[in-house]
Number of protein chains: 2
Amino acid sequence: MSTAPGGCAESPVPAAVAVDVAVFTVRAGTLRVLLARARSGPFAGWWALPGGRVGEQESLDDAAARELPAGAAARDVYLEQLYTFGQPQRDPRGRVVSVAYVGLLADPERMTAPAADKYASVAWRPVSRLPRLAYDHAAVVRLAVARLRAKLQYTNLVYTLLPRSFTLGELQSLYEAILGRALDRRNFRRRVLSLELLRPLGRVRGGPHRPAALYAFRSRRPMTVSVL
Amino acid sequence: MSTAPGGCAESPVPAAVAVDVAVFTVRAGTLRVLLARARSGPFAGWWALPGGRVGEQESLDDAAARELPAGAAARDVYLEQLYTFGQPQRDPRGRVVSVAYVGLLADPERMTAPAADKYASVAWRPVSRLPRLAYDHAAVVRLAVARLRAKLQYTNLVYTLLPRSFTLGELQSLYEAILGRALDRRNFRRRVLSLELLRPLGRVRGGPHRPAALYAFRSRRPMTVSVL
DNA sequence: TCAAAAGTGTTGCAAATACACCCATGT
DNA sequence: ACATGGGTGTATTTGCAACACTTTTGA
């Protein structure tokens with residue numbers, strides 16, 4: 001049974017429900033998470049994950065999407081529920097149960113728009129060197145990173161972290177940045193191509209060296225496939 | 001941020017937080033889930049997962065353990081958070097966000113004690129043939145079964161479904177019941193033994209046929225190991 | 001002596017790994 | 001010409017799957 005009447009007067013459970021979102025991207029070969037500095041509240045000035053209360057008539061997924069900084073522009077962030085944190089004392093102001101989400105975003109620039117948001121500032125921080133975080137958000141990020149690493153191995157979710165077209169080298173760098181270990185170029189290449197997830201674009205990207213063929217994902221929907 | 005003040009008067013978010021638990025066991029070669037029939041409420045008489053409101057000073061994990069029928073005797077149920085369901089309309093009485101848990105139990109008898117509980121009746125039902133369930137509990141069970149199947153493959157969690165000592169045949173039957181497919185006896189045996197998770201007890205269990213060696217798990221703590 | 005489950009060993013295939021060489025480009 | 005990353009191929013190992021036979025008990 002999922003019990004409890006709705007009305008505030010009748011309900012003996014004054015818990016508030018919130019969402020917190022750990023949005024990740026990879027920039028400069030480093031896995032980064034989006035942090036925000038709160039203007040007010042018990043942790044004013046601290047870095048924390050973006051988040052906030054769930055509206056009365058709002059689903060959890062909708063709330064997570066809405067709480068993203070510069071939300072409008074960020075409609076194509078991949079979001080997935082992670083875990084729900086409900087220790088009684090996790091928020092000094094009272095009982096707050098927080099549903100944590102993982103977000104994945106390709107283009108880091110899109111999100112940094114400071115906006116006349118509720119946050120004093122917003123920044124992409126490398127997950128390997130995080131500042132002290134408010135609430136239990138350090139634990140949230142740890143869990144989120146673990147989930148991300150695991151899920152890249154058996155899904156095609158990398159597509160959420162890449163632009164439309166990319167080279168195999170870029171794809172490999174991405175995996176290496178997130179998994180934190182080097183991969184054999186030739187084996188990676190064969191593996192990925194054998195999955196038939198990519199479509200060769202025919203075009204080529206020039207650079208300082210030999211131009212690399214461009215690829216795109218055949219499907220940009222979440223699927224489970226054994227990648228590594 | 002996980003915001004929101006605690007007080008009921010100040011909070012515009014009258015959401016109640018509940019837990020629902022899908023407890024599984026295997027009996028007679030069939031994966032079964034524990035269902036309860038509510039005495040009252042909008043779904044009185046319907047089958048549903050056991051569950052209920054989270055107390056004010058109670059963690060989610062504690063709430064899940066407490067909501068188990070015949071709770072006292074069931075202290076050694078393995079519990080793990082599954083997913084949080086928060087569609088605004090999922091409870092007809094008002095907004096209830098429900099944190100779903102998966103439970104695993106070895107001894108089916110332990111739990112069936114009807115008890116002067118809040119439930120009219122309690123029963124182990126095969127997951128393959130479930131009655132209509134209250135709320136969104138059909139979806140909860142579906143997700144829970146998927147999680148259970150997946151997790152048996154890369155953890156040692158089977159130990160939660162077995163008594164202290166067991167034969168390799170029993171272990172295999174358990175896997176077959178949950179995965180829903182037959183496994184090669186010899187390969188299964190070799191695989192499992194090579195993991196070094198089991199300790200041979202020396203003793204033997206007699207039966208109508210050739211007696212089988214008894215084993216026990218070296219460690220009864222959750223670990224991740226690639227089982228299949 | 002028969003049925004039914006326990007226990008053991010081998011073999012072939014397929015996938016993962018490790019590794020070496022040539023190619024195309026900008027500087 | 002050379003440094004740098006792109007592209008292709010091959011040998012070896014390792015793990016998985018398929019499979020056949022012997023053993024021990026109760027009935």
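Numbered from 1 within each chain, the chains take letters A, B, ... in sequence-line order.
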Quiz prompt | Test side chain to side chain contact (heavy atoms under 4.5 Å, CB included) applied to A:Val21 and A:Leu79, A:Val33, A:Leu49, the passing residue | solution =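 Among the candidates, only A:Leu79 passes.
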Quiz prompt | B:Tyr215: which of B:Leu162, B:Leu193, B:Leu197, B:Val192 passes side chain to side chain contact (heavy atoms under 4.5 Å, CB included) | solution =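 Option passing the side chain to side chain contact (heavy atoms under 4.5 Å, CB included) with B:Tyr215: B:Leu193.
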Exercise. When you get a sec, tell me which of C:dA18, D:dC16, C:dG9 is the closest nucleotide to the side chain of A:Arg190?
Key: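 Between C:dA18, D:dC16, C:dG9, the one nearest the side chain of A:Arg190 would be C:dA18.
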Quiz item: Of the nucleotides D:dA17, C:dC19, C:dG7, which one has an atom closest to the side chain of B:Arg189?
Solution: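 Nearest nucleotide to the side chain: C:dG7.
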Interatomic distance, [X] [atom1] vs [N] [atom2] [rounded to whole Å]:
{"X": "A:Leu171", "N": "D:dG7", "atom1": "CG", "atom2": "P", "answer": "12 Å"}
{"X": "A:Phe188", "N": "D:dG5", "atom1": "CZ", "atom2": "P", "answer": "17 Å"}
{"X": "B:Asn187", "N": "C:dG12", "atom1": "CG", "atom2": "P", "answer": "16 Å"}
{"X": "B:Arg185", "N": "D:dT22", "atom1": "CZ", "atom2": "P", "answer": "14 Å"}
{"X": "B:Gln153", "N": "D:dC16", "atom1": "CD", "atom2": "C1'", "answer": "15 Å"}
{"X": "B:Leu168", "N": "C:dA4", "atom1": "CG", "atom2": "C1'", "answer": "17 Å"}
{"X": "B:Leu183", "N": "D:dA18", "atom1": "CG", "atom2": "P", "answer": "11 Å"}
{"X": "A:Leu193", "N": "D:dG7", "atom1": "CG", "atom2": "P", "answer": "10 Å"}

Hey, is the main chain of [Y] close enough, under 3.5 Å, to the side chain of [X] for a donor-acceptor pair?
{"X": "B:Glu170", "Y": "B:Thr167", "value": "yes"}
{"X": "B:Thr25", "Y": "B:Leu105", "value": "yes"}
{"X": "A:Tyr78", "Y": "A:Leu104", "value": "no"}

Self-check item: Side-chain donor/acceptor contact of B:Arg186 with base of D:dT22 under 3.5 Å
Solution: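 There is none.
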Quiz item: CZ of B:Arg164: more than 12 outside heavy atoms within 6.0 angstrom?
Solution: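 Check fails, neighbour count at 12 or below.
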Quiz item: Where along residues 200-215 of chain A does a heavy atom fall under 4.0 Å from DNA chain D?
Solution: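 Contacts with DNA chain D under 4.0 Å: A:His209, A:Arg210, A:Pro211, A:Ala212, A:Ala213.
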Self-check item: Stepwise ring pair (Phe, Tyr, Trp, His ring centres under 6.0 Å) test for B:Phe166 and B:Phe217
Solution: CA-CA 9 Å; B:Phe166 50 88; B:Phe217 278 91; 5.3 Å; yes
